[in-house]
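Before any comments, here is the structure.
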Amino acid sequence: MSGFSPEWLALREPADVRARDPGLLTALAAHLAARDEIEVVDLGCGTGSNIRSTAPVLGPVQAWTLVDYDPVLLEAARAELVAWADEAAENGESLKLKKDGRAISVRFRQADLMQNLETVIGGQPDLVTASALFDLCSTDFIRRTARAVAAEGAAFYTVLTYDGVQTWSPTHPADAEMTAAFNLHQQTDKGFGSAAGPAAPEALALAFRGQGYVVQEAPSPWRIDASEQTLINMLADGFAGAVAEIGRVPPDVVAHWLSTRRTVSVVGHTDTLALPPV
Ligand SMILES: C[S@@+](CC[C@H](N)C(=O)[O-])C[C@H]1O[C@@H](n2cnc3c(N)ncnc32)[C@H](O)[C@@H]1O
């Protein structure tokens, strides 16, 4: 339904884990440290990569709501979280997990964020979080998210927002025009209106500062080499496919770029932590 397969999300998860900025994660943990129980909403959760990376630094009792509009990904998230946990028990619609001494309950909610953002954020969570989501969203939706998060007084933490910078190795003469065309594709509508694409990190920072939040940002680039050749190949295929759809680079140039297989790729991302005013 969403165009993001469980297989693709599983393939990228190790690169995501390596790329996240540890400093912002530590700052988030410090901000929430005094709370006995933490309530978290994860927007566009996919198969649950974000909870698996974030929950291990948060407190001993956590209640997560994982939100996505794709029922296939929500089912995959449930199965992957059961496999990830030390203990897992079904509790009606939700899961009760034990992981490294933490008690983590997980609710799964199928909802289209464009229609239901304020409802899914409502209920005064301590934290609203997301991973690899906001470059898909419009600047208006980013502002709307900041307003909705601020209305609940929640902390906000989002990771792996694409920032428009890519390097490929070996280099190719068409790298720059390919990246420019790819970045145009990133701005097409992904269900939230014209996407902010590479402008999303800046839009997030502006939107949360506009709500009086204290915003910290840090780079979180993917660094992928030949040890993850399948991921590089899929990335290169997706990159070239998006460039071809935009139609600015001649098809023979795109084909030549793709035929010269890359062995190293760095894809720029930004992590953003926005804390409410005290
Ligand atoms: C790039 S994937 C990231 C998934 C996951 N957060 C991760 O880091 O692996 C984007 C996710 O956003 C979800 N998504 C996209 N548009 C959505 C919408 N309008 N409402 C709810 N979820 C949406 C997709 O189904 C997908 O799971």
Side-chain angles (χ1 to χ4, degrees), residues 1-21 24-25 40-56 64-81 83-84 106-122 127-142 144-145 148 156-163 182 185-198 200-201 204 220-222 224 228 231 234-235 238-239 241-242 267-272:
M1 180 177 173
S2 67
F4 297 97
S5 70
E7 294 74 23
W8 164 247
L9 296 180
L11 200 58
R12 60 173 284 172
E13 188 164 338
D16 286 347
V17 170
R18 288 196 308 272
R20 282 167 169 254
D21 179 77
L24 288 197
L25 198 52
V40 186
V41 178
D42 183 15
L43 305 174
C45 64
T47 58
S49 168
N50 193 21
I51 181 174
R52 284 188 289 280
S53 284
T54 307
W64 284 69
T65 301
L66 267 53
V67 185
D68 206 290
Y69 66 177
D70 187 332
V72 174
L73 295 181
L74 287 171
E75 262 317 298
R78 177 182 286 269
E80 288 197 26
L81 287 170
W84 169 77
V106 185
R107 221 157 58 95
F108 299 90
R109 183 161 184 178
Q110 187 185 349
D112 185 336
L113 294 170
M114 190 62 179
Q115 308 299 327
N116 302 297
L117 179 73
E118 290 76 9
T119 313
V120 302
I121 287 179
L127 171 65
V128 176
T129 183
S131 164
L133 177 71
F134 282 99
D135 43 68
L136 305 175
C137 302
S138 64
T139 300
D140 276 353
F141 184 84
I142 287 171
R144 188 178 149 197
T145 303
F156 177 79
Y157 172 63
T158 192
V159 297
L160 298 155
T161 311
Y162 176 64
D163 72 2
F182 179 79
H185 191 275
Q186 289 296 103
Q187 294 165 55
T188 58
D189 189 342
K190 311 287 190 306
F192 295 93
S194 295
L204 283 163
S220 54
W222 270 357
I224 307 165
E228 290 170 301
L231 178 57
M234 283 187 73
L235 209 55
F239 180 74
V267 181
H269 298 108
T270 301
D271 292 355
T272 305

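Sequential numbering from 1 along the given sequence is applied to the chain's residues. Numbering of ligands and ligand atoms starts at 1, following listing order.
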Tell me whether Phe192 has any N or O atom under 3.5 angstrom from an N or O of ligand 1.
no

Sole candidate of Ile51, Val41, Leu73 that passes side chain to side chain contact (heavy atoms under 4.5 Å, CB included) when paired with Leu66:
Ile51

Should you measure from each heavy atom of Ala111, which atoms of ligand 1 turn up under 4.0 Å away?
20 (N), 21 (C)

Would you say the side-chain atoms of Thr158 pair up with the backbone N or O of Ala130, donor to acceptor, closer than 3.5 Å?
yes

Quick one, Phe192 and Thr139 - any side-chain contact, counting heavy atoms below 4.5 Å?
no

Whether Asn116 side chain and Ala111 backbone form a donor-acceptor pair below 3.5 Å
no

Is Asn50 near ligand 1, meaning one of its heavy atoms is under 4.0 Å from it?
no

Any nitrogen or oxygen of Asp68 lying under 3.5 Å from a nitrogen or oxygen in ligand 1? Just yes or no.
yes

Quick check on Gly191 - does any of its heavy atoms sit under 4.0 Å from an atom of ligand 1?
no

Asp112, portion touching ligand 1 at heavy-atom distance under 4.0 Å
both

Selection residues 41-53 - residue pairs positive for salt bridge (Lys or Arg N to Asp or Glu O under 4.0 Å), sequence neighbours left out
Glu13-Arg52, Arg52-Glu80

Nearest heavy atom to atom 5 (C) of ligand 1, choosing from Ala132, Cys45, Ala77, belongs to Cys45

Residue pair Ala148 / Ile121: nearest heavy atoms and the distance that separates them:
O-CG2, 3.8 Å

Ligand 1 N/O within reach of Gly44 N/O, cut-off under 3.5 Å
yes

Just to be sure I read this right, does ligand 1 sit under 4.0 Å from the backbone of Ser131, its side chain, both, or neither, counting only heavy atoms?
both

For Thr129, the side-chain hydrogen bond (donor to acceptor under 3.5 Å, both in side chains) test, sequence neighbours excluded, returns Asn50

Fit a plane to each ring of His269 and Tyr162, take the angle between them on a 0 to 90° scale, and name the class: parallel (under 30°), tilted (30 to 60°) or perpendicular (over 60°).
perpendicular

Number the atoms of ligand 1 from 1 as they appear, then name those within less than 4.0 Å of a heavy atom of Leu133, with their elements.
12 (O)

Would one find an N or O of Arg12, backbone or side chain, under 3.5 Å from an N or O of ligand 1?
no

Checking side-chain polar atoms at under 3.5 Å, does Thr54 have a donor or acceptor matched by the opposite partner on Arg20?
yes

Which bit of Ala130 is near ligand 1, meaning a heavy atom under 4.0 Å away: side chain, backbone, both or neither?
neither

Determine, considering heavy atoms only, which of Tyr162, Tyr69, Phe134 sits nearest to atom 17 (C) of ligand 1.
Tyr69

Judging by distance only, is a nitrogen or oxygen of Asp16 under 3.5 angstrom from one on ligand 1?
no

